[in-house]
J.: 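Here's a structure for you.
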Amino acid sequence: MRPNTMTIRPLTGSIGAEILGIDLREIDDAGFGFIRRAFLDNCMLVFRDQRFGAAELLAFTRRWGEIFHTPHAVGLEGFPDVIAVRNRGKAGTTTEYWHTDSVFAPVPPALSILASQVLPPAGGDTMFANQYLAYETLSPGMRALADSLRAGYYRSAGMGRLMGDLSAAVKTAVHPVVRTHAETGRRALYLSYDPAAVRLEGFSAEESRGIMRLLEAHATQPAFCYRHRWVTGDVLMWDNRCSVHYAVHDYGDAERVHYRTTVVGDVPG
Ligand SMILES: [Fe+2]
């Protein structure tokens with residue numbers, strides 16, 4: 001499939017684009033170059049009506065680089081590089097806050113791809129926010145502060161959900177709160193807003209929470225966001241180096257399944 005059959009439709013004035021006129025199973029190198037440029041320009045992309053199974057998702061993902069293996073996640077039978085993201089109930093969800101994927105890894109993934117499998121009757125949207133814009137629009141004072149910050153990321157020994165007590169937690173990574181994107185050269189805020197598992201280095205827990213609340217309110221303001229309402233067959237991909245996302249859990253016990261892959265990134269800096 002060649003680029004001249006494809007068109008880009010921006011989804012908001014700040015983040016996201018839909019690529020129209022494309023079958024991701026049939027892209028050639030020129031088509032892939034077109035998608036890659038659109039991805040770097042828009043932080044996240046939507047492809048409708050692709051209806052990817054695990055094999056198609058894996059083949060498309062491999063075009064982007066080496067597969068990132070999410071620690072402690074178990075892949076599908078026959079496709080260990082593909083994870084099924086299922087409804088674990090609102091209390092059991094670990095993605096209902098603004099975050100960037102696997103930030104607790106020393107070398108976090110550059111990008112993530114989701115392919116819808118089963119959708120609830122309503123709800124289960126995913127929200128995205130542009131973190132280039134978040135950084136570029138900080139006040140000079142907050143930008144200088146953000147530039148100086150480093151965040152420590154913690155996991156419980158069993159990789160379960162931390163509840164704010166970091167005394168028994170393991171610090172698995174420390175990343176700068178502002179990073180330079182290796183491919184675009186642009187600077188972006190880079191922070192996951194899980195107060196139970198993140199602590200700004202050199203600050204008390206209370207100070208860290210306060211600064212993070214200020215940054216989060218700015219970084220996820222509606223003008224920087226796109227909210228995706230899933231339709232069967234959708235494939236989404238986002239750049240973890242310049243966006244944060246939030247999985248809304250408003251669908252109770254309804255079944256919701258997405259297949260997910262992630263691609264290796266670089267050390268944030
Ligand atoms: Fe996520």
Side-chain angles (χ1 to χ4, degrees), residues 11 15-16 39 42-47 52 57 61 64-65 67-76 81-120 123-131 134 151 153-156 159-162 172-173 175 179 181 188-198 212 216 219-220 224-230 234-251 256-265 268:
L11 293 165
I15 185 169
F39 179 65
N42 293 281
C43 298
M44 64 87 58
L45 294 177
V46 174
F47 308 95
F52 268 10
L57 176 59
T61 305
W64 295 88
I67 301 288
F68 173 90
H69 294 274
T70 304
H72 295 257
V74 179
L76 292 176
D81 294 333
V82 179
I83 296 165
V85 181
R86 298 179 187 280
N87 186 4
R88 292 193 283 175
K90 193 171 178 71
T93 185
T94 57
T95 53
E96 200 178 26
Y97 59 91
W98 288 104
H99 68 280
T100 174
D101 285 333
S102 297
V103 69
F104 49 82
V107 187
L111 61 95
S112 306
I113 308 177
L114 274 189
S116 70
Q117 303 298 312
V118 181
L119 298 176
D125 294 356
T126 310
M127 303 192 293
F128 298 87
N130 184 327
Q131 297 305 287
Y153 292 93
Y154 294 78
R155 302 289 296 191
S156 69
M159 299 301 278
R161 189 101 163 89
L162 286 168
T172 56
H175 298 307
R179 71 183 292 182
H181 194 295
L189 272 183
Y190 186 72
L191 191 54
S192 273
Y193 295 93
D194 181 354
V198 186
M212 284 178 62
E216 181 179 18
T220 61
F224 297 161
C225 294
Y226 165 66
R227 178 165 175 153
H228 185 72
R229 182 175 294 172
W230 290 88
D234 284 353
V235 169
L236 255 67
M237 60 184 301
W238 60 89
D239 193 331
N240 287 304
R241 300 162 293 185
C242 57
S243 66
V244 287
H245 58 282
Y246 184 117
V248 179
H249 199 300
D250 58 352
Y251 46 95
R256 179 181 185 268
V257 183
H258 287 94
Y259 286 171
R260 192 185 92 152
T261 50
T262 39
V263 171
V264 166

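Values in this document were obtained by computation on a predicted structure and should not be read as measured data. Counting starts at 1 for both ligands and their atoms, in listed order. Residues take their numbers from the sequence shown, with the count starting at 1.
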J.: Does a side-chain heavy-atom distance below 4.5 Å link Pro108 with His175?
T.: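 Yes. Closest side-chain heavy atoms under 4.5 Å.
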J.: Which protein N, O or S atoms does the Fe ion (ligand 1) have within a distance shorter than 2.8 Å?
T.: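 Counting only protein N, O or S atoms under 2.8 Å from the Fe ion (ligand 1), the list reads His99 NE2, Asp101 OD1, His245 NE2.
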J.: Answer whether the closest heavy-atom distance between the side chains of Ser192 and Tyr153 falls below 4.5 Å.
T.: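 A side-chain contact under 4.5 Å exists here.
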J.: Any salt bridge (Lys or Arg N to Asp or Glu O under 4.0 Å) pairs touching residues 101-119, not counting sequence neighbours?
T.: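 Passing the test, one end in residues 101-119: Asp101-Arg260.
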J.: Please determine which of Asp125, Thr126, Asp234 meets the side-chain hydrogen bond (donor to acceptor under 3.5 Å, both in side chains) test together with His228.
T.: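 Of all the options given, the one that passes is Asp234.
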J.: I'd like to check His99 versus His245 (side-chain heavy atoms, cut-off strictly below 4.5 Å). Are they in contact?
T.: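 Heavy-atom side-chain distance check passes, below 4.5 Å.
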J.: Between Cys242 and His181, is any pair of side-chain heavy atoms under 4.5 Å apart?
T.: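 Yes, at least one pair of side-chain atoms sits under 4.5 Å.
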